[in-house]
Amino acid sequence: MFTTQMIDRLWQAFFDTLPMVSVSAGIAVLAGIPLAVFLVTSGPGGIFAAPRLNRVAGTLVNGFRAVPFIVLLVALIPFTRLVTGTTIGVWAAIVPLAVSATPFFARIAEVSLREVDPGLIEAAQSIGCRRWHIIRHVLLPEALPGIVGGLTITVVTMIGASAMAGAVGAGGLGDVAIRYGYQRFDTNVMLAVIVILVALVCLVQFAGDTVVRRLRAR
Amino acid sequence: MDRQVTGQSAAFGQARVFGAGAAEAVSAPAAVPATAAATGARSAGTVRFEGVGKTYRAAAGEVRALDGIDLDIRAGEIFGIIGRSGAGKSSLLRTINRLESPTEGRVLVDGEDVARLDEGGLVGLRRRIGMIFQHFNLLSAKTVRANVGLPLLVAGVPAAEIATRVDEVLALVGLEGKGDSYPGRLSGGQKQRVGIARALISRPEILLCDEATSALDPETTLSILNLLRDINRRLGLTIVLITHEMSVIREICQRVLVLDRGRIAEEGPVWQVFGAPKAEATRALLRPLQQALPEDIAARLGGARRSLRDGTLVELSFAGAGPADLGALAQAAGAGLALVSAAVDRIQGHAVGRILVVVAPDARIENLSALADATRVLGYVHDTDD
Ligand SMILES: Nc1ncnc2c1ncn2[C@@H]1O[C@H](COP(=O)(O)OP(=O)(O)O)[C@@H](O)[C@H]1O
Ligand SMILES: [Mg+2]
């Protein structure tokens with residue numbers, strides 16, 4: 001069905017997609033969680049209340065969320081070149097992926113953080129927690145199941161987006177599907193890519209769900 | 001009051017007690033060794049309110065939650081705050097550790113104006129004031145140990161010391177062996193014990209309780225109240241507690257404040273306030289506790305005597321001045337004395353409550369009046385044969 005050459009190519013593509021998704025997911029977590037914490041704590045009545053900055057950040061996040069990924073991909077090309085020195089390949093795809101995933105993930109994490117019972121924050125204040133302690137010992141741990149659930153959604157979305165990045169020359173599974181499946185009418189390759197993507201998504205979802213279940217079981 | 005030791009030595013005294021009497025902490029509060037003297041308790045733990053007012057400004061408008069509160073809470077006492085829902089109880093309590101800031105007046109803890117503290121000072125103040133909550137407010141992601149140890153962890157206490165102190169305080173509240181559980185696995189009573197342990201681990205001078213037993217069943221409520229009383233005696237710390245249950249006040253408080261729409265309705269020793277309530281707000285709160293007149297008697301009750309056989313229904317109120325002397329009552333009333341209902345409680349060594357009796361038509365009511373703090377003829381019970 002497949003030549004060994006094609007199997008190599010798919011294998012290679014798979015190993016391009018993995019770092020694309022995982023590195024940009026890592027960046028999304030590192031940048032998105034502080035952003036989410038800021039969005040929650042800087043609101044009116046929050047422990048770091050700064051309503052004006054809060055509104056600016058909220059608007060910025062909404063702006064990035066409003067731009068479709070494929071547009072962002074193109075629009076960010078100068079920025080990508082600045083950061084990575086190139087506009088093609090895995091590393092060049094990571095920049096727009098991370099930029100799009102960060103506000104996406106931050107909004108989901110924000111919802112979980114907002115759901116933390118205000119009574120817990122009050123209790124923490126009453127035992128002499130400083131604001132930083134409240135973030136570290138109350139907000140983040142209590143919201144963790146929701147944050148992990150949100151990360152799962154983010155990664156699944158990014159797997160899809162990474163296939164799109166492939167279409168503009170980033171490599172990865174999307175690239176193979178377009179070049180061989182679409183441009184050369186090789187249906188088998190197309191199907192193989194779909195199967196791999198579906199398997200990957202299922203695996204991520206399963207892993208995420210398992211972690212969330214463990215966390216919630218406490 | 002010969003307790004004058006402060007600071008280090010008081011803390012040390014506590015440490016000793018935490019370890020020593022741990023086993024009987026819950027089961028036998030009565031067997032606990034005499035406290036203040038044994039531990040060298042502190043003189044700190046006073047709260048003074050001076051003209052405290054609080055207005056909440058929300059989008060929906062202004063709410064006047066507290067108005068002109070002048071009040072002194074003494075070191076080492078158990079002070080109760082009652083009032084109907086929305087009276088301002090929580091607002092008042094929360095000004096003590098500045099979870100809420102008054103809009104007028106001052107709150108002084110051990111003479112220190114809490115409004116003047118910077119963040120560091122506020123954190124220090126809160127470490128001297130423990131607080132427990134109706135819904136416990138435990139961190140679900142942390143074990144019991146981690147919840148209880150958190151106040152020390154954030155205060156930078158070394159891990160080894162945290163571990164020993166967590167053990168001590170868990171023993172004090174009767175939760176040995178539960179340290180590694182998550183709060184989600186505990187019963188309501190156990191959760192509140194964790195809350196108490198967390199509040200006590202910093203060795204506070206004051207413990208604030210906001211409806212701490214309101215989510216618990218009556219039996220668990222009693223065990224938590226016993227624990228609070230025990231802690232108060234052993235550690236000599238001041239307890240300020242809010243409740244809407246009169247029985248809680250009667251059970252453990254020495255003095256009580258009745259709040260009504262943000263103002264002080266009345267304040268005083270529990271036996272006095274409950275025995276002879278002066279404010280309408282207090283009477284309204286106490287009313288559910290009073291037994292209603294039995295229906296058959298109510299049906300036969302009239303304002304005037306109809307026949308010579310009509311007995312007189314008399315209410316004897318006891319407000320704590322003397323004992324409810326039944327022998328003397330029987331003697332004064334003579335033959336034909338019938339007890340209708342009696343609800344006399346002993347609060348802080350004072351007989352408080354009321355007795356309803358029907359006395360024979362020819363009994364001399366004047367003779368009864370010396371036996372109680374107030375005597376009142378409620379009416380005449382008509383004979384069924386009429
Ligand atoms: N954060 C707040 N914002 C606006 N109004 C409040 C707030 N907290 C309490 N109140 C109002 O203040 C009054 C007193 O509330 P509270 O102190 O909680 O009473 P209690 O504890 O006696 O039930 C109530 O009318 C309540 O609605
Ligand atoms: Mg309240």
Side-chain angles (χ1 to χ4, degrees), chain A residues 29 33 36-37 40-51 54-55 109 111-151 208 210-218, chain B residues 58-59 90 93-94 96-100 118-144 146-157 180-186 194-195 197-202 204 206-210:
Chain A
V29 169
I33 287 183
V37 168
V40 172
T41 56
S42 64
I47 54 175
F48 283 103
N54 180 268
R55 238 168 302 144
V111 172
S112 305
L113 289 166
R114 269 192 209 293
E115 278 167 3
V116 173
D117 179 359
L120 297 184
I121 295 171
E122 210 158 79
Q125 287 172 329
S126 80
I127 59 173
C129 283
R130 290 168 190 275
R131 296 180 287 186
W132 158 248
H133 296 138
I134 293 175
I135 293 171
R136 160 87 180 68
H137 292 290
V138 182
L139 285 179
L140 290 176
E142 293 297 315
L144 191 61
I147 290 176
V148 172
L151 181 61
T210 307
V211 174
V212 171
R213 207 168 337 104
R214 289 256 168 86
L215 290 174
R216 288 211 199 278
R218 302 194 293 209
Chain B
S90 298
L93 192 76
R94 294 153 54 87
I96 299 175
N97 61 354
R98 218 174 94 186
L99 284 178
E100 217 70 79
D118 57 8
E119 196 190 351
L122 185 59
V123 164
L125 174 83
R126 286 173 175 167
R127 285 178 186 152
R128 298 186 351 239
I129 302 178
M131 187 163 187
I132 58 175
F133 305 85
Q134 179 173 6
H135 299 294
F136 323 122
N137 295 356
L138 303 176
L139 300 173
S140 67
K142 293 190 190 296
T143 61
V144 167
N147 266 284
V148 173
L150 187 59
L152 298 186
L153 184 72
V154 298
V157 174
D180 297 320
S181 309
Y182 282 92
R185 310 260 163 196
L186 302 179
V194 177
R198 178 176 66 181
L200 290 183
I201 197 158
S202 301
I206 302 172
L207 179 64
L208 310 178
C209 314
D210 193 347

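Convention: sequence-line order gives letters A, B, ...; per-chain numbering from 1.
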Q: If you measure from CG on Leu138(B) to CG on Asp117(A), what distance do you get to the nearest 0.5 Å?
A: 11.0 Å

Q: Looking only at heavy atoms, what is the nearest atom pair of Glu142(A) and Ala141(B), with distance?
A: OE2-N, 3.0 Å

Q: Please state whether the side chain, the backbone, both or neither of Ile129(B) comes within less than 4.5 Å of a heavy atom of chain A.
A: backbone

Q: Glu122(A): what forms a salt bridge (Lys or Arg N to Asp or Glu O under 4.0 Å) with it, not counting sequence neighbours?
A: Arg94(B)

Q: Considering non-hydrogen atoms only, spot the tightest contact between Val154(B) and Gly128(A) and give its length.
A: CG2-O, 3.9 Å

Q: If every non-hydrogen atom of Asn97(B) is compared with every non-hydrogen atom of Ser126(A), which pair is closest and at what distance?
A: ND2-CB, 3.8 Å

Q: With a sphere of 6.0 Å drawn around CZ of Arg218(A), does it hold more than 12 non-hydrogen atoms of other residues, nucleotides or ligands?
A: yes

Q: Once rounded to the nearest 0.5 Å, what's the spacing between atom CZ of Arg130(A) and atom CG of Leu122(B)?
A: 9.5 Å

Q: Is it the backbone or the side chain of Arg131(A) that comes under 4.5 Å from a heavy atom of chain B, or both, or neither?
A: both

Q: Can you tell me which of Arg98(B), His135(B), Arg198(B) forms the most heavy-atom pairs within a distance under 4.5 Å of chain A?
A: Arg198(B)

Q: Out of Arg126(B), Met131(B), Arg128(B), return the one with the most heavy atom pairs under 4.5 angstrom to chain A.
A: Arg126(B)

Q: Give the minimum heavy-atom separation between Cys129(A) and Leu150(B), together with the two atoms involved.
A: SG-CD2, 4.4 Å

Q: Do you know which two heavy atoms are closest between Ile127(A) and Arg127(B), and how far apart they sit?
A: O-CG, 4.0 Å

